[in-house]
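Note: hydrogens, waters and symmetry copies are ignored here, and every other heavy atom, side chains too, is used. These figures come from a predicted structure and were not determined experimentally.
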Amino acid sequence: MNFSRLIKNCSIPSRWLLANNIRYQSSSAAQNLIQVDINEETGVSVVSLNRKPVNSLSLELFKDFCGVMDDLEREKVRGMVLKSSCDNVFSSGLDITELYPNPSEERFEAFWLWFQESWLKLYASSFPTVAFVNGHAPAGGCVFAISCEYRLMLPYYKIGLNEAPVGIVATEWVMNSLRAVLPGKNAERLLTSGRLLDTQEAFDIGLIDQIVNNEEEAMARSEEFFATFDNVPKLARALTKQVYRKNDLNQLIKNRSSDAKQFLNHILRPETQKIIGSYFKSLKDRKKD
Ligand SMILES: CC/C=C\C/C=C\C/C=C\C/C=C/C(=O)SCCNC(=O)CCNC(=O)[C@H](O)C(C)(C)COP(=O)(O)OP(=O)(O)OC[C@H]1O[C@@H](n2cnc3c(N)ncnc32)[C@H](O)[C@@H]1OP(=O)(O)O
């Protein structure tokens with residue numbers, strides 16, 4: 001195997017960004033949408049999604065996430081723990097206001113490309129990744145979690161890919177990330193029913209790896225996970241992961257612009273807009289009851 005070609009092919013940021021003529025520029029330093037805390041002693045970085053109230057995923061959040069991932073690659077961190085700093089919610093998924101009502105083509109295209117970019121950087125990161133699911137993780141929240149290598153979750157929350165009931169078809173690379181975590185039949189059922197699982201159910205079918213009771217326990221379990229790689233040369237570990245995930249990554253890399261177009265066409269269909277609109281209204285109305 002030609003390792004130098006492989007490394008070049010895995011040079012995540014520049015090759016993929018330049019292909020789409022987009023470059024990272026921190027969009028929201030003042031908003032502090034992502035908090036990063038690197039422990040100098042252990043080399044572990046804790047990355048907290050911080051878009052109040054429910055970490056809905058906006059264009060600005062995706063841009064900042066990509067910037068953070070680039071920084072962590074440069075810093076050569078030993079591992080990353082991804083969590084939320086919002087109460088009770090890991091992430092509520094894509095920001096519905098990016099999808100409804102009828103987004104402009106320009107904004108949507110940028111939104112989708114940065115969302116793809118976030119997934120590519122997370123899914124192919126050279127360092128080990130743990131999702132500490134410290135709140136509900138529907139849809140895009142679940143995608144963040146399944147793109148990490150290991151999942152810890154607090155009890156009594158919900159996780160799953162509820163795109164279908166919201167009128168959205170999860171894209172193929174999202175389905176591939178789920179298939180990488182769950183055996184085929186459970187993955188398909190989860191996607192087609194759009195059912196959200198509670199923590200215990202998610203553990204029982206293998207969607208998450210461990211249930212933890214608090215943050216301290218989560219950090220201790222994460223440390224144990226990172227320690228399993230301490231005697232493995234970093235480059236060999238990273239390349240093994242990237243080669244193992246290569247088919248999933250290539251599926252998106254080869255189809256970035258058609259993926260964005262297809263999703264936009266789907267979102268702009270009047271029936272889809274109607275379903276998302278009534279779903280969004282029901283979210284708002286829930287509060288009034
Ligand atoms: C690395 C790659 C990462 C990500 C990949 C992403 C996507 C993957 C690909 C495919 C398509 C994905 C599609 C989606 O993600 S569509 C979004 C689907 N999300 C949901 O269905 C969740 C909806 N929200 C909830 O169920 C609840 O809000 C939640 C359980 C999360 C929290 O409940 P809580 O009672 O604590 O808060 P609320 O009062 O409900 O919400 C507060 C406030 O926020 C608004 N809200 C909630 N979710 C969203 C959202 N996703 N987008 C925009 N706004 C949202 C909610 O309406 C409230 O507003 P207000 O009434 O004005 O205070």
Side-chain angles (χ1 to χ4, degrees), residues 33-37 44-58 61-62 64-65 68-69 72 77 79-95 115 118-119 121-123 125 127-163 166 170 174-182 186-187 189-191 193-226 228:
L33 297 178
I34 316 257
Q35 295 168 337
V36 184
D37 184 8
V44 171
S45 145
V46 178
V47 172
S48 306
L49 303 174
N50 182 41
R51 185 164 186 254
K52 305 272 170 13
V54 289
N55 279 331
S56 59
L57 306 169
S58 63
L61 185 141
F62 282 138
D64 286 3
F65 182 74
V68 165
M69 293 302 286
L72 300 186
V77 293
M80 170 181 103
V81 180
L82 181 64
K83 63 182 267 289
S84 159
S85 51
C86 296
D87 289 340
N88 297 316
V89 183
F90 177 71
S91 162
S92 70
L94 297 187
D95 186 332
F115 156 41
S118 300
W119 180 80
K121 285 179 193 297
L122 182 58
Y123 204 66
S125 76
F127 46 81
T129 50
V130 172
F132 170 34
V133 184
N134 56 341
H136 298 298
C142 178
V143 178
F144 260 116
I146 58 181
S147 306
C148 291
E149 290 164 54
Y150 201 69
R151 279 153 295 283
L152 305 167
M153 187 165 170
L154 290 178
Y156 311 120
Y157 288 117
K158 298 265 188 186
I159 184 167
L161 290 168
N162 63 324
E163 279 81 358
V166 184
V174 165
M175 295 183 190
N176 288 341
S177 336
L178 182 66
R179 213 182 275 128
V181 171
L182 281 184
N186 279 337
R189 274 184 208 150
L190 207 61
L191 281 161
S193 69
R195 207 163 84 77
L196 294 170
L197 307 181
D198 64 33
T199 306
Q200 187 62 51
E201 289 174 299
F203 176 72
D204 291 342
I205 68 162
L207 183 60
I208 60 161
D209 295 289
Q210 285 194 48
I211 301 175
V212 290
N213 291 305
N214 52 50
E215 179 153 351
E216 199 185 354
E217 216 183 297
M219 294 308 150
R221 297 294 85 80
S222 302
E223 176 56 43
E224 283 166 14
F225 177 70
F226 298 137
T228 61

Any donor-acceptor pair under 3.5 Å linking the side chain of His136 with the backbone of Lys158? yes

Across all chains, not counting sequence neighbours, the side-chain hydrogen bond (donor to acceptor under 3.5 Å, both in side chains) partners of Asn50 are Lys52, Ser85

Apply side chain to side chain contact (heavy atoms under 4.5 Å, CB included) to Ser177 and Tyr123, showing your working. CA-CA 8 Å; Ser177 336; Tyr123 204 66; 4.0 Å; yes

Residues forming a side-chain hydrogen bond (donor to acceptor under 3.5 Å, both in side chains) with Asn55, sequence neighbours excluded: Ser84

Contact list for residues 132-154, test salt bridge (Lys or Arg N to Asp or Glu O under 4.0 Å), sequence neighbours left out: Glu149-Arg237, Glu149-Lys241, Arg151-Asp209

Those residues that, when tested against Gln200, pass side-chain hydrogen bond (donor to acceptor under 3.5 Å, both in side chains) (two or more places apart): Asp204

If we only count heavy atoms from C-beta on, is the Val46 to Val36 side-chain gap below 4.5 Å? no

Taking the six-membered ring for Trp and the full ring for Phe, Tyr or His, determine whether the centres of Phe65 and Phe144 are under 6.0 Å apart. yes

Hey, does Val44 have a side-chain heavy atom less than 4.5 Å from the side chain of Phe226? yes

Give the C-alpha distance, both sets of side-chain angles, the deciding distance and a yes or no for side chain to side chain contact (heavy atoms under 4.5 Å, CB included) between Ile159 and Thr199. CA-CA 7 Å; Ile159 184 167; Thr199 306; over 6 Å; no

Residues 137-148 vs side chain to side chain donor-acceptor pair (under 3.5 Å), sequence neighbours excluded, gives Trp119-Ser147

Please determine whether the number of non-hydrogen atoms from other residues, nucleotides or ligands lying under 6.0 Å from atom CG of Asn214 exceeds 12. yes

Note, Ser45 side chain near Asp37 side chain (heavy atom, < 4.5 Å): no

Kindly give the heavy-atom pair with the smallest separation between Gly206 and Val181, and that separation in Å. O-CG1, 3.8 Å

Say whether, by atom type as modelled, one donor and one acceptor occur between the side chain of Asn88 and the main chain of Gly135 under 3.5 angstrom. no

Sequence-distant partners of Arg195, side-chain hydrogen bond (donor to acceptor under 3.5 Å, both in side chains), two or more places apart: Glu201

Are any non-hydrogen side-chain atoms of Leu57 and Asp95 less than 4.5 angstrom apart? no

